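Note that this is a predicted model, so its numbers are computed, not measured.
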Amino acid sequence: MRPGEERPVEGGACVSRLELLKLRAAERIDEAAERLGALSRAIWSEPELAYEEHRAHGVLTRFFECEPPAASWTVQPHYHLATAFRAEWEPPGVGATPRPLQLGFLCEYDALPGIGHACGHNLIAEVGAAAALGVKGALESLPGPPPPVKVIVLGTPAEEDGGGKIDLIEAGAFKNLDVVFMAHPSQENAAYLPDVAEHDVTVKYYGKASHAAAYPWEGVNALDAAVLAYNNLSVLRQQMKPTWRVHGIIKSGGVKPNIIPSYSELIYYFRAPSMKELPVLTKKAEDCFRAAALATGCTVEIKGGAHDYYNVLPNKSLWKAYIENGKKLGIEFISEDATLNGSSGSTDFGNVTFVVPGIHPYFYIGSDALNHTEQYTEAAGSHEAQFYTLRTAKALAMTALDVIFKPELLERIKEDFKLKVQEEEFLNTVE
């Protein structure tokens, strides 16, 4: 029986083979629920910062190495980065011809300084692993020859700082992937949120130390420069577009009150809806930094981050398939209007959507706590979050099966991707 054909079930109803495969994917995720929960808890209980996720890397690679049957996954630890990995599975008998469809499931697992997994990346890792297991379980249940498919799990470190996915793009890790899947914890269920482009800078002011009481006129106050820069940006907000965001901290501002500070340092993030607008905002902000240096007599050094995060490109065909599958599982999604006009952050998954079609839905975890708070850290490690996390993984796995067995859907996804990339390229050339 082919995936599109129907078979009778109890009660006389007919269910398509594809729907039965989706049921099997969900069953496989439920069967692995205890192991998946333990995986998530292990990552949550010992949070690690960007590029330092050595324990999480070990936990995830061992998870796939030990996944029954033995040696069913080919695992490459330290894949291009010390804390990245790649795990692959394909049905026995699938050869190189025709070229297999390659589906990627992404795991994140870095934490935030001071507050741990307040963005729920332990759950992102769990969703990616669970969805991949679901697809594998469904395909293994096929009675006939398997389709030419390769399931790939990529461990992508350093989303919170640095952009591990961008490092992996540059290393060729996303080459030949056809569609990629991941999901992010939130306060609601949304197939898409307009995550924006982001550029970060470190600003350093150099002045001259002096005794602050005896002869302050001999000093050049680097803290004054930092404070002026902060206030300059606050004044700039009046002329900023409503969709722009600027936020930062003064990281260093002196060592002792009776010493004129000779050094100060700020870290700022700039965000805009697109890569076209981001340089405009960045230029205005950098003018604020330079003006503060001029006013105080300091010298200034402005250094951008290693990578800019691109805005996430939407793929409506992929959204619609995900929403259809999610609703079957009881997921209640926010409206499309709320989706397109909702608040959002930034992610290095945006860069991925410029090189391969992908989906990055958001999912409710049983708490109204906000991301990047201590309360969200607690929610991300709770038992209640497990139901919602595995339900989301099932929806991703079911959507992946649609991609495998509905060639027309795959074509629409590729066309959506092509058009969106072309649209961005055109917008970036228009003055």
Exercise for the section: Evaluate the criterion ring-ring contact (aromatic ring centres under 6.0 Å, His included) for residue pair Y268 and F289; output intermediate values, then yes/no. Expected result: CA-CA 11 Å; Y268 262 85; F289 296 136; 5.7 Å; yes

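- For residues 356-369, the side-chain hydrogen bond (donor to acceptor under 3.5 Å, both in side chains) pairs, not counting sequence neighbours, are D195-Y362.
- Environment of NZ in K316: sparse, with no more than 12 heavy atoms of neighbouring residues, nucleotides or ligands closer than 6.0 Å.
- Within the structure, the side-chain hydrogen bond (donor to acceptor under 3.5 Å, both in side chains) test picks out the following pairs touching residues 124-133 (sequence neighbours left out): S40-E126, E126-Q386.
- Nearest heavy atom pair, residue A393 against residue A130, reads CB-CB, 3.5 Å.
- Nearest approach of Y205 to A229, heavy atoms of both residues: OH-CB, 3.4 Å.
- In the model, N351 has no side-chain atom that pairs as donor or acceptor with a side-chain atom of H307 under 3.5 Å.
- R271 and H247 share a side-chain donor-acceptor pair at under 3.5 Å.
- Between the side chain of S382 and the backbone N or O of A385, at least one donor-acceptor pair lies under 3.5 Å.
- Checked against L278 for a side-chain contact (heavy atoms from CB on, under 4.5 Å), the options W244, Y309, F270 give a single hit: F270.
- Side-chain N or O atoms of E48 include one that pairs as donor or acceptor with a backbone N or O of A56 at under 3.5 Å.
- For the pair T353 (side chain) and L313 (backbone), a donor-acceptor distance under 3.5 Å is present.
- Applying the 6.0 Å contact sphere to NZ of K406 captures more than 12 heavy atoms from other residues, nucleotides or ligands.
- The closest side-chain donor-acceptor pair between Y322 and N315, if any, does not fall under 3.5 angstrom.
- Side-chain atoms of E140 never come within 3.5 Å of backbone atoms of P91 as a donor-acceptor pair (strictly under, hydrogens ignored).
- One finds the CG atom of L318 at 4.5 Å from the CD1 atom of I359 (value rounded to the nearest 0.5 Å).
- Under a 3.5 Å cut-off, the side chain of N232 and the backbone N or O of C288 do form a donor-acceptor pair.
- Under the side-chain contact (heavy atoms from CB on, under 4.5 Å) criterion, R28 pairs with R24, E31, A32, E67, not counting sequence neighbours.
- Ion pairing of R412 with D416 is absent here, as no side-chain N (NZ or NE/NH1/NH2) approaches a carboxylate O to less than 4.0 Å.
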Problem - Step-by-step salt bridge (Lys or Arg N to Asp or Glu O under 4.0 Å) determination, E108 to K165 - result: CA-CA 10 Å; E108 294 176 6; K165 294 181 191 66; 2.6 Å; yes

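- Using the six-membered ring where Trp is involved, F105 and F181 have ring planes that are parallel, under 30° apart on the 30 and 60° scheme.
- Partners of A183 according to the side-chain contact (heavy atoms from CB on, under 4.5 Å) rule, which considers only residues two or more places apart in sequence or in another chain, are V127, P361, F363, T392, L396.
- In this structure a side-chain-to-backbone donor-acceptor pair under 3.5 Å is missing from T61 to P77.
- The pair K420-E423 counts as a salt bridge, with a side-chain nitrogen and a carboxylate oxygen less than 4.0 angstrom apart.
- In the model, S186 has a side-chain atom that pairs as donor or acceptor with a side-chain atom of E188 under 3.5 Å.
- When all heavy atoms are compared, the tightest approach of T373 to L370 is OG1-O, 2.6 Å.
- For the side-chain hydrogen bond (donor to acceptor under 3.5 Å, both in side chains) test, no residue two or more places apart in sequence or in another chain qualifies with K414.
- Side-chain atoms of H184 never come within 3.5 Å of backbone atoms of I124 as a donor-acceptor pair (strictly under, hydrogens ignored).
- For the pair F354 and V421, the tightest heavy-atom approach, listed with the atom from each and the gap, is O-CG2, 4.1 Å.
- With sequence neighbours left out, L228 forms a side-chain contact (heavy atoms from CB on, under 4.5 Å) with A292, A295, T296.
- For W319, the ring pair (Phe, Tyr, Trp, His ring centres under 6.0 Å) criterion is met by Y192, not counting sequence neighbours.
- Under the side-chain hydrogen bond (donor to acceptor under 3.5 Å, both in side chains) criterion, E411 pairs with no residue at all, not counting sequence neighbours.
- E265 and Y263 are linked by a side-chain donor-acceptor pair at a separation below 3.5 angstrom, with hydrogens and angles left out of the test.
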Identify every side-chain donor-acceptor pair in residues 233-243 under 3.5 Å, counting partners at least two apart or on other chains, and give the distances.
residue	atom	partner	partner atom	Å
S234	OG	Y230	O	3.1
R237	NH1	V246	O	2.8
R237	NH2	V246	O	2.9

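- Taking both residues in full, the closest heavy atoms of Y109 and T156 are given as OH-N, 3.6 Å, listed atom of the first, atom of the second, then distance.
- Scanning both residues, E277 and A272, for their nearest heavy atoms gives CB-CB, 3.8 Å.
- For E34, the CD atom is loosely surrounded, since the number of other residues' heavy atoms within 6.0 Å does not exceed 12.
- A donor-acceptor pair under 3.5 Å links the side-chain atoms of R55 to the main chain of A42, judged by distance alone.
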Handout entry: Trace of the salt bridge (Lys or Arg N to Asp or Glu O under 4.0 Å) decision for E88 with R86
Key = CA-CA 7 Å; E88 295 183 5; R86 182 182 181 109; 2.6 Å; yes

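- Each of V135, V149, D178, L409 was checked for a side-chain contact (heavy atoms from CB on, under 4.5 Å) with V403, and the lone residue meeting it is L409.
- In terms of modelled atom types and a separation under 3.5 Å, the side chain of D110 and the main chain of L49 share no donor-acceptor contact.
- Scored by the side-chain hydrogen bond (donor to acceptor under 3.5 Å, both in side chains) test, T83 finds E53 as partners (sequence neighbours excluded).
- With sequence neighbours left out, Y269 forms a side-chain hydrogen bond (donor to acceptor under 3.5 Å, both in side chains) with no residue at all.
- In this structure a side-chain-to-backbone donor-acceptor pair under 3.5 Å is missing from N311 to E198.
- Qualifying side-chain contact (heavy atoms from CB on, under 4.5 Å) partners for A129, counting only residues two or more places apart in sequence or in other chains: L36, L39, F63, F64.
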